Amino acid sequence: MKKFCTLGLMLLIVFAGALPASAKRGTYTFKITHEEYADTVPDKYAKEFARRVTEKSNGRITFEIFQVGQLGVGVDLVEHLLTGSTQMAIVSPGNVSTIVPEGQMFALHFLLPSSVEKAYEFLGKSQVVKKDLAGAYAEKSLRLMDLWPLGASDWLSDKKITGPADFKGLPFRTMDTPLIIKNYEAYNANATPVAYTDVYSALQLNMVDGVENPLSALVDMKWYEVQKYLIMSNHIMYLEGVFMNDRFFKSLPKDLQKILSETVTEMRGYAYDLQKEANEKAAKTLAAHTEVVNLSAEQHAAFKKAALPVREYYKKKLSKRCANMLEKLEKELSEFE
């Protein structure tokens, strides 16, 4: 009997962990985490989202926003969301890849349109994103509210890179995501996972000699201070996923669920404008501090060719569902373009 009482108490504690204490009083305090510092695009997005939802709900929902490092980094933020200690996170699908490997497909180089505007348009329409991928996240109690580009990722390096051969042996910083590592192994680079908050010192100490990210992030993190070349590769779209704890979302009153969903939809245009302004401003800063390398059509084609085998690796080595989802996405992209 004692065992059953103890088990019941544990289950009650776990479930209660997904609900903020204020929920018992009919109001809700959401904890939002994101993977950047203050006044960056994700931070401004989180603050504006919070402002709109608090106003629409007449104060029934309020927010606490935590920047990168305050409650952890990368995968930590996803784990907090899964346990219910936070209710919302704005993170890259790459940080969720160990839980939902299907999301890794967006780490494949030269998959999505290289234009941020076109990528926004495509992701807003994609049924693979809205149904298939969202369904895969829901199985893990994660609700994918939205998926949008923070910008096109480019390379910052101490070495002038104009072709795949220039990556040979180069210690290049990556996220600790298997497919991202595989991308750089395809170029014969020495892929080196480094925590986001440790990248500056790793570049400064020559532990790594290159890094990827959208222009705004390269400036926000000041990595340009310790690197020489900016290579305009546009090889991937760095995506931000807006996630909620699905169990918590479903526990909310229907009117609050509607406010949250509608506000996320409204925020797409705001997110686009935020990243556009940030990346344009960052481009000027980077041009003043680095040598900008614009790749020719032929050079881009060489990288695309070198990256293609990673798609086959994804299809054959991950799972049948991963392969099917990527093939469906490729079909959508073909029709979109």
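Hydrogens, waters and symmetry mates play no part in the numbers below; they use all other heavy atoms, side chains included. As the structure is a prediction and not an experimental result, all values here were calculated from the model.
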Passing option when His235 is tested against Phe106, Phe303, Trp155 for ring pair (Phe, Tyr, Trp, His ring centres under 6.0 Å): Trp155

Glu277 bridged to Lys281 by N-O distance under 4.0 Å: no

Side-chain donor or acceptor of Ser57 paired with backbone N/O of Ile61 under 3.5 Å: yes

SB check Lys44 Asp39 (cutoff 4.0 Å): no

Ring-face cation of Arg52 near Tyr270 (centre distance under 6.0 Å, axis angle within 45°): yes

N/O donor-acceptor pair under 3.5 Å between Gln257 side chain and Leu252 backbone: yes

Geometric class of the Tyr28/Phe30 ring pair [parallel <30°, tilted 30-60°, perpendicular >60°]: perpendicular

Electrostatic pair Glu262:Lys56 at N-O distance under 4.0 angstrom: no

Backbone N/O of Val194 and side chain of Arg173: donor-acceptor pair under 3.5 Å: yes

Salt bridge (charged side-chain N to carboxylate O under 4.0 Å, His left out) assessment of Asp255 paired with Arg60: CA-CA 11 Å; Asp255 64 322; Arg60 289 166 64 197; 2.6 Å; yes

Under 3.5 Å: donor-acceptor pair, side chain of Asp198, backbone of Ala195: no

Distance-minimising heavy-atom pair for Tyr196 and Ala217: OH-CB, 3.8 Å

Short side-chain to backbone donor-acceptor contact, Glu337 and Ser334, under 3.5 Å: no

Atom NZ of Lys118: over 12 foreign heavy atoms under 6.0 Å: no

Exercise: identify the closest heavy-atom pair between Ile161 and Leu295: O-CD2, 3.9 Å

Closest non-hydrogen atom pair, Leu144 against Gly241: CD1-CA, 4.4 Å

Contact summary for Gly151 and Asn279, nearest pair of heavy atoms: CA-ND2, 3.8 Å

Heavy-atom pair with the smallest gap, counting every atom of Ser85 and Lys31: O-CD, 3.5 Å

ring-ring contact (aromatic ring centres under 6.0 Å, His included) between His109 and Tyr187, intermediate numbers included: CA-CA 11 Å; His109 288 192; Tyr187 303 145; 5.6 Å; yes

Over 12 non-hydrogen atoms of neighbours within 6.0 angstrom of CD in Gln70: yes

Side chain to side chain donor-acceptor pair (under 3.5 Å) partner of Ser126, the single match among Lys328, Glu332, Glu121, Lys131: Glu332

Ring geometry between Phe63 and Phe49 (parallel below 30°, tilted from 30 to 60°, perpendicular above 60°): perpendicular

Side-chain donor-acceptor pair present, Asp132, Gln127, cut-off under 3.5 Å: no

From CA spacing to verdict: side-chain contact (heavy atoms from CB on, under 4.5 Å), His80, Gln87: CA-CA 8 Å; His80 294 324; Gln87 289 70 50; over 6 Å; no

Side-chain donor-acceptor contact under 3.5 Å, Glu240 with Tyr45: no

Under 3.5 Å donor-acceptor, Thr177 side chain and Gly94 backbone: yes

Atom pair CZ/CE of Phe122 and Met237 - distance to nearest 0.5 Å: 12.5 Å

Among Thr86, Asp76, Ile90, side chain to side chain contact (heavy atoms under 4.5 Å, CB included) partner for Thr33: Thr86

From CA spacing to verdict: salt bridge (charged side-chain N to carboxylate O under 4.0 Å, His left out), Glu139, Arg321: CA-CA 14 Å; Glu139 290 172 7; Arg321 186 162 80 162; 3.0 Å; yes

Test log, rule salt bridge (charged side-chain N to carboxylate O under 4.0 Å, His left out), inputs Asp166 and Lys160: CA-CA 8 Å; Asp166 295 323; Lys160 189 172 184 177; over 6 Å; no

Asn245 (side chain) donor-acceptor with Leu81 (main chain) under 3.5 angstrom: yes

Exceeds 12 heavy-atom contacts within 6.0 angstrom, atom NZ of Lys159: yes

Any donor-acceptor N or O pair under 3.5 Å, side chains Tyr137, Glu102: no

Test item: Asp209 side-chain N/O and Leu170 main-chain N/O as donor-acceptor pair under 3.5 Å: no

Atom NZ of Lys276 with >12 non-hydrogen neighbours under 6.0 angstrom: no

Side-chain H-bond candidate by donor/acceptor type, Tyr184 with Glu212, under 3.5 Å: yes

Met267-Phe243 co-clustered via ILVMFWY side chain contacts under 4.5 Å: yes

Worked check of side chain to side chain donor-acceptor pair (under 3.5 Å) between Glu225 and Tyr200: CA-CA 9 Å; Glu225 293 178 348; Tyr200 188 98; 2.7 Å; yes

Distance-minimising heavy-atom pair for Ser114 and Asn234: O-ND2, 3.2 Å

Polar contact flag, side-chain donor to acceptor under 3.5 angstrom, Ser216-Asp220: no

Test log, rule ring-ring contact (aromatic ring centres under 6.0 Å, His included), inputs Trp223 and Tyr229: CA-CA 11 Å; Trp223 296 336; Tyr229 300 98; over 10 Å; no

Carboxylate-amine/guanidinium contact Lys331 Glu335, below 4.0 Å: yes

side-chain contact (heavy atoms from CB on, under 4.5 Å) between Leu203 and Val226, worked out: CA-CA 6 Å; Leu203 291 168; Val226 287; 3.7 Å; yes

Under 3.5 Å donor-acceptor, Asp146 side chain and Ser261 backbone: no

Between Lys228 and Thr290: side-chain donor-acceptor atoms closer than 3.5 Å: no

Connected via hydrophobic side-chain network under 4.5 Å: Val41 and Leu77: yes

In one Ile/Leu/Val/Met/Phe/Trp/Tyr side-chain cluster, 4.5 Å: Phe172, Val208: no

Under 3.5 Å: donor-acceptor pair, side chain of Thr40, backbone of Tyr37: yes

Same apolar cluster: Leu179 and Leu329, side chain cutoff 4.5 Å: yes

Stepwise side-chain contact (heavy atoms from CB on, under 4.5 Å) check, Val128 with Met105: CA-CA 11 Å; Val128 173; Met105 62 186 173; 4.0 Å; yes

Check against side chain to side chain donor-acceptor pair (under 3.5 Å), Thr62 and Thr29: CA-CA 5 Å; Thr62 57; Thr29 300; 3.3 Å; yes

ILVMFWY cluster, Ile231 and Ile236 together (side-chain gap under 4.5 Å): no

Side-chain touch Val78/Val91, heavy atoms, less than 4.5 angstrom: yes

